[in-house]
Amino acid sequence: MNDCAALAIVLTHGMTARIDRSAPFDVLTESIEFPVQSPEVTDLLAGMTAAFQRNWPGRTALAVKKILNKLQVDRSMGGPKVRAFLTVEKAMRRLRPD
């Protein structure tokens with residue numbers, strides 16, 4: 001197992017063990033300076049996101065800087081509960097109550 005996979009396992013276990021399923025919440029991730037990731041890292045991040053989503057009903061909005069980052073998130077993690085946006089403001093609007 002490589003370092004990335006080991007880190008993903010530790011983070012996933014640590015986060016899912018601490019989630020209070022009775023108090024749903026949304027997550028805003030500001031990833032403006034996050035570089036485009038290798039396929040291996042992208043797959044690990046997608047697996048972590050899927051594990052989190054199984055354990056809480058909240059939504060996740062990621063703010064990214066580049067179209068390529070947005071496409072990467074949409075392809076690997078996107079869905080009805082996980083969306084990427086090109087600004088923090090747009091990501092925050094996604095999480096506001098209707």
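Position 1 is the first residue of the sequence; numbering continues from there. Below, all heavy atoms of this structure are taken into account, side chains as well, without hydrogens, waters or symmetry copies.
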List for me each residue that meets side-chain hydrogen bond (donor to acceptor under 3.5 Å, both in side chains) alongside Asp26, sequence neighbours excluded, and say none if there are none.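 For Asp26, the residues satisfying side-chain hydrogen bond (donor to acceptor under 3.5 Å, both in side chains) (neighbours in sequence not counted) are Arg59.
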
Can you sort out the partners of Thr60 under side-chain hydrogen bond (donor to acceptor under 3.5 Å, both in side chains), two or more places apart, ordered by chain and number?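 Scan of Thr60 (side-chain hydrogen bond (donor to acceptor under 3.5 Å, both in side chains), adjacent residues dropped) gives Gln53.
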
If we ignore hydrogens and angles and just use 3.5 Å, is the side chain of Gln72 paired with the main-chain N or O of Val36 as donor and acceptor?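 No, Gln72 side chain to Val36 backbone: no donor-acceptor pair under 3.5 Å.
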
Problem - Results of salt bridge (charged side-chain N to carboxylate O under 4.0 Å, His left out) for Lys81 - residues two or more places apart only - result: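 Per chain and number, Lys81 pairs via salt bridge (charged side-chain N to carboxylate O under 4.0 Å, His left out) with no residue.
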
field: side-chain contact (heavy atoms from CB on, under 4.5 Å) against Lys90, all qualifying residues, sequence neighbours excluded
entry: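 Partners of Lys90 by the side-chain contact (heavy atoms from CB on, under 4.5 Å) criterion, ordered by chain and then number, come out as Phe85, Thr87, Arg93.
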
Discussion item. Run the side-chain contact (heavy atoms from CB on, under 4.5 Å) test against Ser31 and tell me which residues pass, sequence neighbours left out.
Written reply: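 Ser31: side-chain contact (heavy atoms from CB on, under 4.5 Å) contacts with Thr29, Phe34, Leu62, Val64.
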
Problem set entry | Transitive ILVMFWY cluster of Met92, excluding itself - 4.5 Å side-chain cut-off |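 Besides Met92, the cluster holds Leu28, Ile32, Val88, Leu95.
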
**Message:** Restricting to non-hydrogen atoms, name the atom on Ala46 and the atom on Ser76 that form the minimum distance, rounded to 0.1 Å.
**Reply:**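 Ala46 and Ser76 have their closest heavy atoms at CB-O, 3.3 Å.
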
- request: State, to 0.1 Å, how close Ala61 and Arg94 come at their nearest heavy-atom pair, and which atoms those are.
  value: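 For Ala61 versus Arg94, the nearest heavy atoms are CB-CG, 4.1 Å.
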
Item checked: Test item: Pro39 and Thr42 side chains (from C-beta on) under 4.5 Å apart, heavy atoms ->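 Counting from C-beta outward, Pro39 and Thr42 never come under 4.5 Å.
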
Open item on the list: To the closest 0.5 Å, what do you measure between CG (Leu44) and CD (Gln37)?
Closed with: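 If I round to the nearest 0.5 Å, the distance is 10.0 Å.
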
